[in-house]
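Below: the structure, in structure tokens.
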There are 2 protein chains.
Amino acid sequence: MTENPSPRLFPIVNADVALFTLDDALRLRVLLIQRANRPDPGGWALPGGLLKPDRDDSLEAAARRVLADKTRVELPYLEQVATFSGPHRDPRGWSVSTLFYALLPADQVPAVAGSKTESIAWVDPEAPGRALGFDHGLMLPRALATLRAKVRDGALPLHLLPSHFTLTELQKASEAILGRPLDKAAFRRQLKSSGDLAAVPDLFVRGAQRPAQVYERAAGYRFGDGHVRNDT
Amino acid sequence: MTENPSPRLFPIVNADVALFTLDDALRLRVLLIQRANRPDPGGWALPGGLLKPDRDDSLEAAARRVLADKTRVELPYLEQVATFSGPHRDPRGWSVSTLFYALLPADQVPAVAGSKTESIAWVDPEAPGRALGFDHGLMLPRALATLRAKVRDGALPLHLLPSHFTLTELQKASEAILGRPLDKAAFRRQLKSSGDLAAVPDLFVRGAQRPAQVYERAAGYRFGDGHVRNDT
DNA sequence: GCCCCTTAGTGTCAAAGAGCAACTAAGTGA
DNA sequence: TCACTTAGTTGCTCTTTGACACTAAGGGGC
């Protein structure tokens, strides 16, 4: 990799991603990677990497590429959180790092794998249980707060679920993000009146109890209405 | 100014600012600058400039410096909006630009002046009346939306007002940001119960009507609770 | 000095919404 | 057939929000 020819004049630019998903027990988890390369080899951090102007069309594209490189996962939902900057946050010099959060459907978790040299871990975003490198210890709470604000404002975390799901699953996903229980009746009332979901006719999940109606996203609904725009 | 030695590998990094204030009629206005330098001399744009790693400690500091250079105004309230990026948004090459919005107290507007070579304009952020350079035509609505979301969530735009103000002035400021009228009774109820403001004893604004109580920020209140962090 | 005009500030009521609890519905498995 | 579990609904209360009418207190015209 080429060294920055004049680190004093041109900061390092990279993209970091907080990739959220749900574990088997429908608890919120975030992906950490044990770094193989300089700086800080062996340290845990959010997946991230340098922007490559010759390959990336935007910071968002860079985030997507980094994620695909490190985890073999394509296309999760991605949204910008904030940009961190400063002369000392990266030991290589003055750096700028744009943080994204991403949502991965729970049924795609097994597809995430480390590389030969890097191992991965899914951890509780509120208690990662390890010190994170760079300023990622500040980034993670920010990413979580951004996601929470969105769900608190009524957005549905459909990107954490398969394309078909039950209302109870959706409620559990929302609760996992918000970190507090929600009222079943109120939750369903809101969904009904919003019209964001559509019941899939005659499709039910069966168990040792009353079958649960399966739903899917209604025609026009998007989690990310407030878009992250780049370039023209 | 030094040329970027390898624009293909190291993007241009800069900071842009949407500086909001209120005009005499308490309407929301944003500052535009007519550029003197390359690229796009003579074009109108949000004030902005290149990050200087040898002088700036963060992107926010860069935004503050740029604003001070171009307008002779120090210390307005500053908050990060988003980062825009792409190979073509700046004709000089692959660029990254972090957008901030800033709030300037209405009584400091006269302090803003153009330089010998650059003129300024205060315009309606919803109808700037000119085409903006780069992708600033996308940035401005984003900055306004971020500010609006904050006020809609109950934040008080105290940074648009002098340190002492009446409740009517505060209501007008909120209305200017939101772009819609608010109910006087409801507005005041909220303020009372929040405890964010304190009446200044025996201080009133007099006019050809009942005197208006003067208020100030209560001890612990901050507009920017959700902070923009940088470096460690 | 009195009245009118203007803006400051409060009280009342209805509609809407959030939280809580109890209830019914429909399947499995003993 | 019955107990158990989860799905889904109904009804209530309490709080919040918006609309609107009202009172309060000054200045200026006459």
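Naming convention: chains lettered A, B, ... in sequence-line order (proteins, then strands); numbering from 1 in each chain.
A salt bridge between B:Arg35 and B:Glu118 is absent, with no side-chain N of the basic residue lying under 4.0 Å from a carboxylate O of the acidic one.
Rounded to whole Å, atom P of D:dA24 lies 14 Å from atom NZ of B:Lys184. The distance from atom CG of A:Asp183 to atom P of D:dG8 is 15 Å, rounded to the nearest whole Å.
With a heavy-atom cut-off of 4.0 Å to chain A, the contacted part of DNA chain C has its first and last nucleotide at C:dG19 to C:dT28.
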Identify every side-chain donor-acceptor pair in residues 24-31 of chain A under 3.5 Å, counting partners at least two apart or on other chains, and give the distances.
residue	atom	partner	partner atom	Å
A:Arg27	NE	A:Asp23	OD2	3.0
A:Arg27	NH2	A:Asp23	OD2	2.9

Check: residues 205-214 of chain B side-chain donor-acceptor pairs under 3.5 Å, at least two apart:
residue	atom	partner	partner atom	Å
B:Gln209	OE1	B:Gly207	N	3.4
B:Gln213	NE2	B:Val200	O	2.7
B:Gln213	NE2	B:Leu203	O	3.4

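Within residues 186-212 of chain B, the residues approached by DNA chain D to less than 4.0 Å at the level of any non-hydrogen atom are B:Arg189, B:Arg206, B:Gly207, B:Ala208, B:Gln209, B:Arg210, B:Pro211, in residue-number order. Taking a 4.0 Å limit (strictly below) on heavy-atom distances, residues 164-181 of chain B reaches DNA chain C at B:Thr168.
For A:Glu169, there are no side chain to side chain donor-acceptor pair (under 3.5 Å) partners, not counting sequence neighbours. Under the side-chain contact (heavy atoms from CB on, under 4.5 Å) criterion, A:Ala173 pairs with A:Leu22, A:Pro157, A:Leu161, sequence neighbours left out. For A:Arg65, the side-chain contact (heavy atoms from CB on, under 4.5 Å) test picks out A:Lys52, A:Arg55, A:Asp56, A:Ala62, A:Asp69, with sequence neighbours left out. Considering only residues two or more places apart in sequence or on other chains, B:Asp107 meets the side-chain contact (heavy atoms from CB on, under 4.5 Å) condition with B:Pro105, B:Pro162. Annotation: side-chain contact (heavy atoms from CB on, under 4.5 Å) contacts of B:Thr146 (sequence neighbours excluded): B:Val81, B:Tyr101. Looking at residues two or more places apart in sequence or on another chain, you find no salt bridge (charged side-chain N to carboxylate O under 4.0 Å, His left out) involving A:Arg189.
Within the structure, side chain to side chain donor-acceptor pair (under 3.5 Å) pairs that include any residue of residues 193-203 of chain B comprise B:Ser194-B:Asp196 (at least two apart or interchain).
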